[in-house]
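Lettering follows sequence order; numbering is per chain, from 1. Just so you know, these numbers use all the heavy atoms, side chains as well, and skip hydrogens, waters and symmetry mates.
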Amino acid sequence: MTALPTRKLEAWRYTELKSLAAISFAEPKPAKISAPLPDLGLPRIVFVNGSFNAALSNAPDFVGPFAKVLDDSALPLVQINAANAQDGITIDIPAGIDAGAIMLISYANAAEPIAFHPRHRIVLGTNATLTIIEVALGQGVYWHNPVTDITLQEGATLGHYRLQDESAEAFHLATIRADIAEKAAYESFSLVVGGKLSRAEFHTNLNGPNASTHLNAAQLLRGRQHADFTSVVGHKAPNCASRQTVKSVLFDHARGVFQGRIEVAQIAQKTDGYQMNQALLLSPHAEIDIKPELEIFADDVKCSHGATIGALDPEQIFYLRSRGIPEDQARAMLIRAFLTEALEPVTHEAARTFLEDAIETWWARK
Amino acid sequence: MLDINNLTAKIGDKEILRGVNLTVPDGEIHAIMGPNGAGKSTLSYVLSGREGYEVTGGSATYNGQDLLAMEPEQRAAAGVFLAFQYPVELPGVGNANFIRTALNSIRRARGEAELDAVAFLKLARAAIKNLSMPDDMLKRNVNVGFSGGEKKRNEVLQMALLNPGLAILDETDSGLDIDALKIVADGVNALRSPTFSALVITHYQRLLDHIVPDYVHVLAAGRIVRSGGPELALELEAHGYAGLEAA
Ligand SMILES: Nc1ncnc2c1ncn2[C@@H]1O[C@H](COP(=O)(O)OP(=O)(O)OP(=O)(O)O)[C@@H](O)[C@H]1O
Ligand SMILES: [Mg+2]
């Protein structure tokens with residue numbers, strides 16, 4: 001098996017996988033569902049311990065089985081996934097079809113430490129649209145290492161809304177690669193509330209003129225949780241836009257990471273690249289690491305990066321309390337307000353309500 | 001009834017309130033005037049429970065409840081409302097959601113039923129109309145991008161909807177145009193009742209033409225140095241505060 005990346009690799013400088021390497025994982029076995037799975041009345045594809053579960057799923061026709069592919073990726077986690085992948089889905093939406101919304105759920109119930117490496121492939125034909133609400137949750141010690149490959153043909157739009165709510169002892173290391181053609185849009189938002197150690201790594205290429213992407217996220221962490229958001233956005237054609245608003249709310253000893261790299265090719269004139277990273281550090285022990293990188297070979301581009309790190313404003317808290325709002329609720333309101341901008345790409349109403357409820361649930365858990 | 005007795009308070013090592021005595025019976029409106037830096041805002045913040053002040057002596061009760069022992073939200077539930085001299089902006093928080101959350105928090109604390117969004121909007125629209133304010137004020141983020149005068153009007157809108165027993169208005173008139181001044185005054189006058197009282201902090205006699213106070217007090221260097229009827233405001237307007245601090 002390919003070795004896990006270490007902090008000697010620049011891309012892994014802020015995320016240490018020693019605690020993962022120290023565990024020996026068994027083959028996943030079938031397991032019972034001992035928590036209610038989210039149900040939004042949408043078609044649902046359910047994986048249990050990494051395997052597709054037909055009984056719990058009602059997949060539409062456009063969802064097909066896993067297909068093993070050759071993968072010469074240099075990314076260590078993708079190599080590990082390629083060597084170990086046993087299941088996943090293939091989605092193929094023909095040109096011009098609006099396929100609505102589906103849920104893709106990964107549920108883990110690990111009696112002993114297990115590892116699973118699903119491989120998903122999603123292709124949207126010309127002008128097709130789809131919304132995927134992806135949820136990862138579970139119990140026990142496990143390592144979830146999914147790789148999702150996305151191809152958007154001309155004018156296609158994919159809304160990809162992810163909730164990472166894994167068990168408090170889980171490792172979640174997801175890689176998402178998206179190839180986006182002319183006028184196509186990859187709209188993503190990731191809400192990270194679970195896991196002991198997690199990373200979402202995006203490799204997104206804007207390959208045709210006027211392609212666009214949102215890679216937004218909110219990382220809400222407590223205790224000793226560690227969450228890493230890493231992105232590489234390749235602007236490979238003129239007039240493309242990439243926007244990344246990543247917000248972290250960190251309590252206790254939690255640690256958040258943002259690494260965002262924008263590569264603008266020489267041909268990619270009129271590139272509009274935007275990165276905004278904001279963190280609320282709600283404890284003196286919380287930590288955020290932010291590493292923006294711009295690599296620009298075109299001369300007519302607009303790329304910006306902004307970062308703010310702060311605490312909740314006591315003036316704002318007092319204003320709310322002076323109106324009768326209890327302190328805890330005042331804080332919750334201000335945190336919700338802080339997150340609003342990150343949720344912007346979530347235009348699907350049921351998805352938005354679902355994610356907002358997940359934020360409320362997270363707040364109430366403490 | 002608001003009853004303040006020999007109240008002293010510090011910020012850091014600096015003594016700001018140096019023995020304030022003031023009683024505002026139910027049904028009355030009292031004005032507080034006084035030079036810049038006298039401690040007027042400090043008094044209103046201490047009464048509403050802002051952090052950063054050390055009360056070193058004296059007492060402040062409202063309807064017999066010890067205000068100084070209560071959390072800010074408990075004071076609000078007891079009926080105390082402060083219209084801020086400098087209202088705070090809350091980016092990302094919608095004004096309607098903010099005021100409804102406030103109203104429902106107060107109702108919950110009092111054991112009253114909460115209002116749903118529809119019932120609240122009905123109330124809020126009526127209040128907005130009464131105060132001749134633009135409708136979009138409810139949709140916008142709290143005070144964000146509001147002009148100085150709009151922020152003050154938004155304080156009055158909150159006051160109208162939260163319906164306090166004791167309103168403290170800290171220079172709510174400054175920054176208002178002539179029409180808005182009348183609207184704000186009407187908003188306060190509309191609340192007048194035998195169970196409502198108000199402390200109106202102002203630098204200008206002008207406001208007191210519209211909100212006629214029962215008493216006018218002068219706060220200077222942390223003490224009430226003079227009290228009188230509405231005519232005291234006229235006298236101050238003519239002669240300023242010279243000589244009062246020594247009194
Ligand atoms: N945080 C603070 N630290 C130090 N001094 C302060 C602080 N806040 C207020 N003060 C001081 O306390 C005194 C009283 O201030 P306050 O704001 O109560 O005055 P005011 O009577 O409301 O004045 P104005 O009419 O200008 O609004 C002033 O000298 C002010 O500089
Ligand atoms: Mg003042």
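With rounding to the nearest 0.5 Å, the separation of CD1 in B/I106 from CD1 in A/I325 is 8.5 Å. The OG atom of A/S322 sits 10.0 Å away from the CD1 atom of B/I168 when rounded to the nearest 0.5 Å. With values rounded to the nearest 0.5 angstrom, A/R323 atom CZ is found 4.5 Å from B/Q158 atom CD. If you take CG on A/D328 and CD on B/E73, they are separated by 10.0 Å, rounding to the nearest 0.5 Å. Rounding to the nearest 0.5 Å gives a distance of 5.0 Å between CZ of A/R321 and CD of B/E71.
With a threshold of 4.5 angstrom between heavy atoms, A/L334 approaches chain B through side-chain atoms but not through N, CA, C or O. Heavy-atom distances place both the backbone and the side chain of B/L90 under 4.5 Å from chain A. Of the two parts of B/R75, neither the backbone nor the side chain holds a non-hydrogen atom closer than 4.5 Å to a non-hydrogen atom of chain A.
For NZ of A/K270, the number of neighbouring non-hydrogen atoms (other residues, nucleotides, ligands) closer than 6.0 Å is 12 at most. Around CZ of A/R224, the count of heavy atoms belonging to other residues, nucleotides or ligands within 6.0 Å does not exceed 12. Dense packing is recorded around CD of B/E112, with more than 12 heavy atoms of other residues, nucleotides or ligands lying under 6.0 Å away.
With ring centers used as reference points, A/F318 lies under 6.0 Å from B/F84.
Applying side-chain contact (heavy atoms from CB on, under 4.5 Å) to A/Y319 and the options B/V93, B/L82, B/V88 leaves one that passes, B/V88.
Taking all atoms of both residues into account, the shortest heavy-atom contact from A/P326 to B/S105 is CD-OG, 3.8 Å.
Under the rule for a side chain to side chain donor-acceptor pair (under 3.5 Å), A/K196 has no partner lying at least two apart in sequence or in another chain.
One N or O on the side chain of A/Q316 and one on the backbone of B/E89 form a donor-acceptor pair closer than 3.5 Å.
Scanning residues 240-260 of chain A against chain B with a 4.5 Å non-hydrogen threshold yields no residues. Contact annotation for residues 335-345 of chain A against chain B (heavy-atom separation below 4.5 Å, listed by residue number): A/A337, A/T340. Within residues 94-104 of chain B, the residues having any heavy atom closer than 4.5 Å to a heavy atom of chain A are B/N97, B/F98, B/T101, B/A102, listed by residue number.
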